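Just so we're clear, the structure is a prediction, and the values are computed from it rather than from any experiment. When a ligand or atom number is given, it counts from 1 through the structure's own listing order. In this chain, numbering begins with 1 at the start of the sequence shown.
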Amino acid sequence: MLGALEPLFPRLVGDVGGTNARWAWQAAPGAALTHVATYPCADYASMAAVIQHYLAEHQHPTPAAVSFGIATAVTGDEVRMTNHHWAFSTTALQAELGVKRLVVLNDFAALAASLDVLGPQDRRAVGGGQPVLGQPIGVLGPGTGLGVAGLVCGRDGHYVPVAGEGGHVTLAATDDREAAVLAVLRQRFGHASAERAVCGQGLVNLYEALCQLDGAPTLRLSPADVTEAAQLRSNPTCVEAVHLFCSFLGNVAGNLALTLGARGGIYVGGGIVPRLGDAFEASAFRERFEQKGRFTDYLRQIPTWVITANNPALIGAGHSLDD
Ligand SMILES: Nc1ncnc2c1ncn2[C@@H]1O[C@H](COP(=O)(O)OP(=O)(O)OP(=O)(O)O)[C@@H](O)[C@H]1O
């Protein structure tokens with residue numbers, strides 16, 4: 001029989017994406033997370049280096065336990081990031097840090113692990129629908145990549161995160177313009193996955209595909225340039241790129257809801273959607289989420305929320321040390 005895990009404190013919890021590594025400290029059971037700090041991954045040679053930098057900067061002792069979510073599939077001791085060059089062995093990292101317990105999990109599994117404790121103040125609804133208690137929940141979020149995970153409820157009422165690599169599912173079109181854009185992406189990448197359109201670089205890919213289709217000059221733009229030009233309405237191709245981004249995200253979110261039977265709701269996380277502001281609510285996201293033929297009524301009942309809580313994945317990483 002499995003015994004309960006010894007509660008180890010103090011703890012370091014983290015959320016490591018392709019661009020940013022966020023860390024926080026939890027001194028004792030039930031204590032709030034403190035010393036939340038974000039570091040650009042590109043500034044550090046390795047995972048151990050950024051952790052040691054955080055601990056030194058905040059003058060923390062060696063923690064008893066460390067848990068972090070990371071943007072990749074975690075399938076064994078060797079962990080290699082999808083959108084960044086860091087790779088490490090979990091056992092070697094634990095030895096290097098000198099901690100009693102180290103938990104490494106997929107970043108969206110960590111985010112999923114926080115969802116059942118989020119309250120109405122931690123999310124903003126986009127569209128209608130009501131959550132059904134005890135039913136599966138889905139979460140997806142465009143950032144450097146596109147993270148996707150689920151949360152399913154066991155017979156004891158306890159929710160368990162399900163990690164997957166749903167960002168790499170094949171993207172589908174819902175109209176002729178999307179089909180034309182997909183053809184360009186397929187030509188360029190071979191496989192046009194959801195992540196090729198629905199992430200930071202995806203915004204740029206969409207913009208460039210539209211320029212190619214329309215025979216327009218292609219500017220060298222960053223993801224932030226695309227959303228800024230769309231917000232200012234200074235570049236119609238950028239406006240359309242953001243429109244397609246939201247449309248594809250709605251389509252993928254609807255697919256996730258159908259696949260999981262996510263009548264507990266779908267959450268949208270990641271760094272990009274909150275930056276779109278009100279434009280996201282006014283976008284095609286919800287319409288595309290619901291637009292699934294004979295299952296439109298089913299999807300209409302499912303709420304979709306944008307996560308507004310600060311650093312929920314850090315809370316989820318902490319929960320993972322107790323499970
Ligand atoms: N204003 C903006 N509009 C659109 N995209 C932006 C904006 N600012 C930054 N980005 C893009 O957001 C992405 C980073 O997202 P996020 O902050 O969620 O990072 P992350 O957690 O490291 O990512 P991930 O977990 O997906 O690996 C980058 O691709 C960046 O170019």
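Taking the six-membered ring where tryptophan is involved, the planes of H60 and H35 are perpendicular, since the angle between them exceeds 60° and thus also 30°. Using cut-offs of 30° and 60° for the angle between ring planes, the H58 and Y54 rings count as tilted.
Residue contacts with ligand 1 do not include H84, since none of its heavy atoms lies under 4.0 Å from the ligand. Heavy-atom separations between S222 and ligand 1 are all 4.0 Å or longer.
Contact annotation: the side chain of I137 approaches that of Y159 to within less than 4.5 Å [non-hydrogen atoms, C-beta and beyond]. Y298 is listed as a side-chain neighbour of R263, based on a closest heavy-atom distance under 4.5 Å. Within the 4.5 Å cutoff, side-chain heavy atoms of L321 are placed close to those of R11. Contact of the V169 side chain with the S193 side chain is not registered, since no non-hydrogen atoms from C-beta on lie closer than 4.5 Å. Side-chain contact check for F68 versus V13: every heavy-atom pair is 4.5 Å or farther apart.
Contact annotation for I272 and ligand 1: only side-chain heavy atoms (C-beta onward) come within less than 4.0 Å of the ligand. Contact annotation for A71 and ligand 1: only side-chain heavy atoms (C-beta onward) come within less than 4.0 Å of the ligand. Contacts between L276 and ligand 1, counted as non-hydrogen atom pairs separated by less than 4.0 Å, are absent for every part of the residue. Residue-level proximity to ligand 1 for T144 is carried by backbone and side chain together, each with a heavy atom below 4.0 angstrom. When non-hydrogen atoms are compared, ligand 1 lies under 4.0 Å from neither the backbone nor the side chain of E195. Proximity of N83 to ligand 1, defined as any heavy-atom pair under 4.0 Å, is not found for any part of the residue.
I70 contributes atom CD1, which lies 8.0 Å from atom CG of D107 (distance to the nearest 0.5 angstrom).
The protein heavy-atom contact nearest to atom 28 (C) of ligand 1 is T19 OG1, 4.0 Å. From the protein, the heavy atom lying nearest to atom 15 (O) of ligand 1 is G143 CA, 3.4 Å. Atom 29 (O) of ligand 1 has G200 CA, 3.5 Å as its closest protein atom, hydrogens excluded (heavy atom only). In terms of protein heavy atoms, atom 31 (O) of ligand 1 is closest to P223 CG, 3.3 Å. Looking only at protein heavy atoms, the nearest one to atom 7 (C) of ligand 1 is R275 CD, 3.6 Å. Looking only at protein heavy atoms, the nearest one to atom 27 (O) of ligand 1 is G18 N, 2.5 Å. Among all protein heavy atoms, the one lying closest to atom 21 (O) of ligand 1 is R22 NH2, 3.2 Å. The closest protein non-hydrogen atom to atom 18 (O) of ligand 1 is G271 N, 2.8 Å.
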- From CA spacing to verdict: side chain to side chain donor-acceptor pair (under 3.5 Å), T296, Q291: CA-CA 6 Å; T296 297; Q291 203 179 71; over 6 Å; no
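Numbered from 1 in the order shown, with element, the atoms of ligand 1 that lie under 4.0 Å from a heavy atom of D107 read 25 (O). Those atoms of ligand 1 that come under 4.0 Å of a heavy atom in L203, given as number and element, are 4 (C). Every atom of ligand 1 is numbered from 1 in the order shown, and the set under 4.0 Å from a heavy atom of T227 is 1 (N), 2 (C), 3 (N), 4 (C).
Without hydrogens or angle criteria, S283 side chain to C246 main chain gives no donor-acceptor distance under 3.5 Å.
Taking any N or O of G145, backbone or side chain, at least one lies under 3.5 Å from an N or O belonging to ligand 1.
Annotation for F295: atom CZ does not count as buried by contact number, only 12 or fewer foreign heavy atoms lying within 6.0 Å.
Here the two rings, on W86 and Y44, have centers that are 6.0 Å apart or farther.
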